[in-house]
Each structure stands twice: as C-alpha cells, then as structure tokens.
Amino acid sequence: MARLKIKEILKNGETGSEVVAKGWVRTKRGSKNVNFIALNDGSTIHNLQVVVDVASFDEELLHKITTGAAIAVSGELVESAGSGQSVELNAKSIDLLGAADPEKYPIQPKKHSLEFLRENAHLRFRTNTFSAVFRIRHAMAFAIHKYFNEKGFNYLHTPIVTASDAEGAGQMFRVSTLDPKNPPLTEEGEVDYSQDFFGRATNLTVSGQLEGELGALALGEIYTFGPTFRAENSNTTRHLAEFWMIEPEMAFYDLKDNMDLAEEFLKYCIQYALDNCMDDLKFLADRLKQEEKNKPQDQRSMDLIEKLEFVLKNDFIRLPYTEAIDVLKNSKPYKKKKFQFPVDWGVDLQSEHERYLVEKHFKCPVILTDYPKDIKAFYMKQNDDGKTVGAMDVLFPGIGEIIGGSQREEDLEKLTTRMEEMDIPAEEMWWYLDTRRFGSVVHSGFGLGFERLMLFVTGMGNIRDVIAFPRAPKNAEF
RNA sequence: UCCCCAGUAGCUCAGUUGGUUAGAGCGGCGGACUGUUAAUCCGUAGGUCGUUGGUUCAAGUCCAACCUGGGGAGCCA
C-alpha cells in the first residue's frame with residue numbers, strides 16, 4: 001500500500017479505503033479503550049486523527065507513541081464518529097519509525113512563545129505556526145518566479161561573492177582565505193589582499209542590482225532572487241544579516257513603469273497567497289486574533305485576511321516626497337510637536353513619519369517618489385529640477401519600506417559627475433559605466449526584501465520568524 | 001550602536017519593606033475514565049533563582065559589570 005500525504009487523505013480520501021499515513025505525533029489522548037493520535041506530516045496545517053483500539057495493540061508500542069514521535073499507520077479511512085474532522089483513520093497496524101523521549105523533546109503539546117521556538121529553530125517547523133509560515137514562504141517564492149516568468153523576465157544569478165564595495169548599501173562581510181592570525185602585510189602594514197584567494201579584497205554581496213543592470217541592458221528584463229548580506233549591527237524586528245532579495249531590472253522602463261510593475265507584482269504575490277494558502281492563512285489569522293485579545297482596543301489591527309484583500313482592492317497612493325513633506329507639516333502630530341525627528345525638505349523621512357503617512361493619513365500602501373538627491377544613491381536618475389532623483393519607496397502598513405527602487409541614471413556624464421561628488425571610485429566601476437558608454441537606455445528597477453513581504457503576508461511580527469535559520473548579530477546557532 | 005524591559009522548574013509566570021524549608025498553571029511521569037479534539041479527574045517527581053563581584057548578621061530580592069532575550073530607535077530591504 002502506498003503512503004498518502006495527509007493533505008491528500010483529507011481532501012480526496014474515500015471512506016472505506018485502506019490507506020497508509022506517515023507523520024509526526026502532535027498529541028495523543030483518550031481513555032482506557034480508545035486512543036486518538038493527531039498526526040501531522042507537514043503537507044497541511046490539518047492533522048489526521050488516528051483512532052487506536054487499545055485492546056488490539058501492544059501496550060509497549062502505544063506507550064512509545066508520544067508527542068514528536070514519527071509513526072506509520074495503516075488502516076481504514078472512515079467517517080469520523082466525533083466532531084472536529086470529517087474523516088479519521090482506524091488504525092490496523094502502527095509502526096514506530098522514530099521515538100521522541102517525552103522528557104526531553106522540547107516541543108510540548110501546549111502554546112510556546114515565539115522567543116522559545118526561535119531558540120529551538122531546528123524543531124520549530126513541527127509547530128502549526130511555523131509549518132504554516134514555511135509553506136507560505138515556499139508558495140511566495142514560487143509565485144515570484146511564476147510572475148516574472150509569465151512577464152518574460154529572465155532569472156539572473158548575480159554573484160554572492162563580489163569585489164565591488166561601491167554601492168554603499170551597507171557594511172559588508174569580508175570573504176577571505178588568508179590566515180586571520182598571520183595575514184600577509186603590505187609595506188604600509190595593511191593586510192595584503194593581493195595575496196588572497198581572488199587576488200583582491202572580496203565581500204558577500206549587499207545587492208545584485210549593479211550586475212542586474214548589466215543583464216537588463218541586453219536581455220531586456222531580468223530579476224534576481226537570492227541571498228543578500230549586510231554586516232550592520234541592526235537589532236530590530238525588520239532586519240537580518242542574511243536575507244533574500246528580489247531585484248528586477250528593466251530596460252526601457254521609466255519611473256512610472258517601475259511603480260506599475262512594483263504594485264502589480266506585490267498584488268500578484270498576495271493574490272497567490274490567498275488563492276493557494278488559505279488554510280495556513282486562516283490559521284495565522286486566528287492566531288493573531290487570539291494575541292490581539294490581550295491588547296487594548298486601539299492597538300488592534302485588521303484581520304490578516306481582510307488586510308491582504310484590502311491591499312488587493314486599493315490603488316497604492318503615489319506621492320512625491322515634496323508633497324509628503326507638506327502632508328506631514330500639516331499633520332496633527334507635527335503641529336502638536338509629537339514627532340521626535342524634524343520634518344524639513346531635504347531630510348530623510350523617519351519611521352514615525354512613514355507610519356503616519358501609511359497608517360494614519362492615507363491608511364493605504366504609499367509609494368513615495370522623487371526624493372532629494374542627497375539622501376539617495378548615486379545611480380538614481382537625476383530629475384530636471386536639479387534637486388530630486390527618480391526614486392520610489394513602497395511603504396506598507398506595519399512594515400515600513402518593503403520596496404526601494406528607482407529609475408537609473410543612464411547619462412554617462414551625469415552619472416560620473418554624481419559619483420565624483422559622492423566619492424565613489426569610478427575606475428573600479430568601469431564595467432558598470434560601460435553600460436552607459438555603449439547603447440545606454442532608460443531603465444529602472446527595484447529591490448524587494450523577501451522576508452518583509454513574508455512579514456506582511458503572514459502577519460508575523462518578527463522577521464526572524466519568517467526565515468528558517470535567521471542570521472542576526474550574535475546569532476548563527478543553526 | 002543607543003534607550004527601555006526581562007532572565008526563578010522542561011514551558012509561561014508569581015515570589016510582600018532583604019529574614020526559616022522558593023510557589024502556581026501547563027508539560028512529563030503514575031493512576032482513573034465507553035469517542036477524545038492542546039480531553040477531563042486524582043496523585044507525583046522536578047530548582048546552581050543568567051554569570052561574576054560587591055553591600056549585609058542574612059540576598060531570588062539591594063548595587064555594579066558582563067552575558068542572553070524582548071520592545072523601540074538609528075542604518076536599510
């Protein structure tokens with residue numbers, strides 16, 4: 001008899017048929033005569049109820065079927081005599097595949113804190129919450145590839161190890177095979193990276209954008225989807241040292257095309273989750289609702305599924321930075337001096353300002369555009385006003401910046417002038433500048449933090465709970 | 001990195017103005033129970049009070065430093 005996945009059994013299993021299920025025991029309960037095993041194999045949030053007639057099984061075997069143990073059960077699928085599930089499996093035989101000492105197995109049949117599960121990241125997949133999160137994560141990754149494939153984008157693998165440190169996206173992790181205790185030194189006493197593996201200093205990538213542009217200016221539309229590394233000492237619920245980023249880059253796209261793509265893309269992913277992950281989303285939504293009960297009325301947020309549907313239904317607000325400053329200056333918190341940071345044209349918006357715009361004023365995702373050039377990267381398209389650049393940041397409620405992008409400066413002279421102003425060594429970037437020397441065209445792109453999208457779709461509050469093995473300062477245990 | 005909070009049983013927490021032998025719920029284990037839904041009922045074991053140092057006759061409790069975790073901020077995606 002072939003093993004069926006529990007998802008399949010619950011969906012298509014015919015009562016009266018013989019089936020084999022394999023999985024991990026969530027709970028076992030019952031009385032002298034009958035035991036009930038909640039069995040989960042990860043294929044779905046739902047458990048299969050296994051009914052065990054105590055008299056027809058070895059007592060020793062039943063004793064070893066504890067929370068966390070792996071078992072194989074064969075038996076007859078029948079209509080459930082109890083409420084709570086439509087079908088259940090009447091066990092004819094049970095094999096103990098792997099026992100789990102109940103005195104030592106950390107995951108107990110009770111509610112655990114997310115903090116505790118984070119410290120048991122190797123086992124947290126076995127909980128409802130994390131199995132739901134990681135099934136959704138898979139679905140989102142798949143949706144991303146599906147979306148871009150359908151749009152005719154090419155998936156480009158940009159390098160993980162890079163010699164470029166010019167983008168200034170953040171602190172980098174050095175990649176080196178030199179002996180850390182006794183590295184070769186130059187005459188000036190500095191570490192001599194010319195003797196290193198690559199013959200120069202290399203780091204883990206902070207962004208695939210610059211290489212992505214090279215691809216776009218030949219293939220037309222490309223996207224990257226891979227790990228990205230930032231050695232910033234950030235300790236927040238929204239940052240990781242290793243995270244996954246999606247970076248599309250498109251030739252012949254101006255800023256508006258870029259925004260249209262970003263909005264359509266986000267909505268596609270959210271729609272995909274609603275179409276394909278409803279069981280898991282419902283579980284997470286209920287879980288959130290339980291948590292919200294402990295919060296005061298005014299701090300409660302919208303139901304998770306309603307929130308996702310809301311984003312789908314509404315156009316994102318598109319607002320130039322300059323107008324956003326006006327909105328903020330006319331806002332109640334500004335007039336009552338409730339903002340901690342100043343609001344003036346030319347300063348970067350702080351979290352509190354973004355939150356006000358998204359969560360209080362517009363109550364809707366917002367795309368802020370045309371930021372002052374001095375607070376943005378060198379490669380952004382310089383607008384005709386001489387003050388702003390064609391940047392766009394997509395701000396989501398509860399998350400803040402989920403996408404950062406721009407139209408890229410395609411004019412060689414403007415670009416090199418800007419690089420000089422910002423002390424970016426043009427000679428090291430010769431390969432990047434070649435795109436502007438040979439057949440340069442209008443092009444645009446953006447970066448989406450995959451885990452931030454995951455935060456939004458799952459409603460989880462901490463970014464370390466939407467990636468399997470989070471890398472953060474002082475934390476690389478698993 | 002900065003600000004705030006926390007660290008006591010496997011987990012979640014309580015522990016009074018510093019004072020005898022550190023508690024509860026859940027989980028585990030043993031038992032009871034005719035179909036349970038994170039079952040219920042009875043019983044039971046389980047502790048280097050984050051670490052180091054200090055104050056004191058006496059520290060889980062007060063002080064300092066450090067470590068770890070959480071929330072917020074900055075940096076950003």
Side-chain angles (χ1 to χ4, degrees), chain A residues 25-38 40 46-55 63 66-68 78 80-85 88 90 100-120 127-128 167-171 206-209 224 227-247 262 290 340-341 348-352 354-355 375-377 393-396 399-405 446-456 461-467 472-475 477:
Chain A
V25 174
R26 286 293 172 76
T27 63
K28 188 178 77 171
R29 55 183 177 268
S31 61
K32 192 161 68 177
N33 300 323
V34 62
N35 278 184
F36 301 94
I37 299 167
N40 189 283
H46 301 297
N47 299 327
L48 176 66
Q49 171 152 288
V50 176
V51 185
V52 181
D53 176 23
V54 172
H63 188 72
T66 56
T67 298
V78 297
S80 180
S83 57
Q85 60 279 319
E88 60 192 20
N90 265 338
D101 182 347
E103 305 239 24
K104 290 179 183 149
Y105 183 58
I107 310 297
Q108 302 162 0
K110 56 171 287 190
K111 189 181 181 344
H112 284 295
S113 68
L114 294 174
E115 292 83 359
F116 172 74
L117 292 170
R118 219 169 281 151
E119 287 168 10
N120 289 277
T127 65
N128 286 331
E167 211 215 332
Q171 290 284 108
V206 293
S207 164
Q209 181 201 315
T224 72
T228 310
F229 307 87
R230 306 265 167 102
E232 300 287 353
N233 189 13
S234 336
N235 294 283
T236 80
T237 53
R238 300 181 307 281
H239 291 85
L240 290 164
E242 175 182 298
F243 63 101
W244 287 65
M245 191 150 64
I246 298 105
E247 295 179 288
Q290 292 294 322
Q340 199 190 328
F341 291 91
D348 209 353
L349 297 182
Q350 303 295 321
S351 279
E352 56 178 355
E354 295 180 351
R355 292 185 76 105
I375 58 173
K376 287 290 180 185
D393 285 0
V394 181
L395 310 179
F396 260 37
I399 312 286
E401 186 180 342
I402 195 167
I403 278 181
F446 61 80
L448 167 75
F450 185 46
E451 284 77 17
R452 294 211 176 152
L453 176 65
M454 282 296 299
L455 282 179
F456 186 76
N462 190 317
I463 201 160
R464 298 173 193 199
D465 294 334
V466 296
I467 186 166
K474 304 268 156 77
N475 191 344
E477 178 70 21

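Throughout, a chain's letter reflects where its sequence line sits, starting with A, and its residues are numbered from 1. These numbers come from a predicted model, not from an experiment.
Inter-residue side-chain proximity for A:L114 and A:N462 is flagged as unmet; no heavy-atom pair is nearer than 4.5 Å. Residues A:L240 and A:E451 form a side-chain contact, since some pair of their non-hydrogen atoms from C-beta on lies under 4.5 Å apart. The shortest side-chain heavy-atom distance between A:R26 and A:N128 falls under the 4.5 Å cut-off. Side-chain contact check for A:W244 versus A:T228: every heavy-atom pair is 4.5 Å or farther apart. Counting heavy atoms from C-beta outward, A:D465 and A:R118 have side chains that approach closer than 4.5 Å. Residues A:V51 and A:N90 have side chains in contact (heavy-atom distance under 4.5 Å, counting atoms from C-beta outward). Looking only at side-chain heavy atoms (C-beta outward), A:E232 and A:H239 stay at 4.5 Å or farther from each other. Using a 4.5 Å heavy-atom cutoff, the side chains of A:I463 and A:R452 are in contact.
When distances are taken from the side chain of A:K111 to each of B:rA38, B:rU37, B:rG74, the shortest belongs to B:rA38. The listed nucleotides are B:rG72, B:rG74, B:rA38; the one nearest the side chain of A:T237 is B:rG72. For A:N475, counting side-chain heavy atoms from C-beta on, the closest listed nucleotide (B:rG27, B:rA77, B:rG69) is B:rG69. The side chain of A:K110 approaches B:rC26 more closely than any other nucleotide in the set B:rC26, B:rG69, B:rA77.
Taking 3.5 Å as the limit, the base of B:rC75 and the side chain of A:S234 contain a donor-acceptor pair of atoms between them. Applying the 3.5 Å distance criterion, the base of B:rU37 shares no donor-acceptor pair with the side chain of A:E88. Side-chain atoms of A:N235 and base atoms of B:rU1 include a donor and an acceptor less than 3.5 Å apart. Taking 3.5 Å as the limit, the base of B:rC11 and the side chain of A:H112 contain no donor-acceptor pair of atoms between them. Between the base of B:rG28 and the side chain of A:E103 there is no donor-acceptor pair shorter than 3.5 Å. Contact annotation: side chain of A:E232 to base of B:rU1, donor-acceptor pair absent below 3.5 Å. One donor-acceptor pair, N or O on each side, does fall under 3.5 Å between the base of B:rC76 and the side chain of A:R452. For B:rC33, its base never sits under 3.5 Å from the side chain of A:K32 at any donor and acceptor pair.
Note on A:I403: only backbone sugar-phosphate atoms sit closer than 4.0 angstrom, heavy atoms only; bases stay farther off. Within 4.0 Å (heavy atoms only), A:G30 reaches at least one base atom of the nucleic acid. Contacts of A:R26 with the nucleic acid, taken as non-hydrogen atoms under 4.0 Å apart, are absent. Looking at heavy-atom distances under 4.0 Å, A:T228 makes no contact with the nucleic acid at all. Here A:K104 lies out of heavy-atom contact (under 4.0 Å) with every strand. A:F116 comes within 4.0 angstrom of sugar-phosphate atoms only, judged by non-hydrogen atoms across all strands, and of no base. At the heavy-atom level, A:P109 lies under 4.0 Å from base atoms of the strands shown. Residue A:I402 is classed as a sugar-phosphate contact, given heavy-atom separations below 4.0 Å to backbone atoms only. Using a 4.0 Å heavy-atom distance criterion, A:H63 is classed as a sugar-phosphate-only contact.
Contact between the side-chain N/O atoms of A:T236 and the OP1/OP2 oxygens of B:rC76 is not found at any separation under 4.0 Å. At the phosphate of B:rG72, neither OP1 nor OP2 sits under 4.0 Å from any side-chain N or O atom of A:R238. Using a 4.0 Å cut-off, some side-chain N or O of A:S351 falls inside it from OP1 or OP2 of B:rG74. Residue A:Q350 places at least one side-chain N or O under 4.0 Å from the OP1 or OP2 atom of B:rG74. In terms of phosphate contacts, A:S113 brings a side-chain nitrogen or oxygen within less than 4.0 Å of OP1 or OP2 of B:rU12. Phosphate proximity of B:rA39 to A:T27: present, with a side-chain N or O under 4.0 Å from OP1 or OP2. Side-chain nitrogen and oxygen atoms of A:R29 include at least one within less than 4.0 Å of the OP1 or OP2 phosphate oxygen of B:rA39.
Look at CD on A:E352: it is 12 Å from C1' on B:rG72, rounded to the nearest Å. In this structure, the CD atom of A:Q108 is 18 Å from the P atom of B:rG46, given to the nearest Å. A:N33 places its CG atom 15 Å from the C1' atom of B:rA39, with the value rounded to the nearest Å. Computed from coordinates, the A:L114 CG to B:rU12 C1' distance equals 13 Å when rounded to whole Å. Counting to the nearest Å, the C1' atom of B:rA77 and the CZ atom of A:F229 are 14 Å from each other. One can place CD1 of A:I399 at 15 Å from P of B:rA77, the figure rounded to the nearest angstrom. Residue A:N233 contributes atom CG, which lies 5 Å from atom P of B:rU1 at whole-angstrom precision. Atom-to-atom, OH of A:Y105 to P of B:rC29 comes out at 14 Å; the value is rounded to the nearest Å.
Aromatic stacking is not marked for A:F36 over B:rG35, as the cut-offs of 5.5 Å for the centres and 30° for the planes do not both hold.
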Encoded 5' to 3' (Watson-Crick or G-U under 3.5 Å; [ ] crossing; | other strand), RNA chain B becomes (((((((..((((.....[...)))).(((((.......))))).....(((((..]....))))))))))))....

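When all heavy atoms of A:V25 and A:T66 are compared, the closest pair comes out as CB-O, 3.4 Å.
Interatomic distance, CD of A:E119 versus CG of A:N475, reported as 9.0 Å (0.5 Å rounding). A:K110 NZ to A:T27 OG1: the interatomic distance, rounded to the nearest 0.5 Å, is 15.0 Å.
Nearest-nucleotide mapping onto RNA chain B: of A:R464 and A:A81, the residue sitting toward the 5' end is A:A81. Annotation: of the two residues near RNA chain B, A:M245 and A:G84, the 5′-most nearest-nucleotide partner is A:G84.
On the P atoms, B:rU40 is 8 Å away from B:rC26, given to the nearest whole Å.
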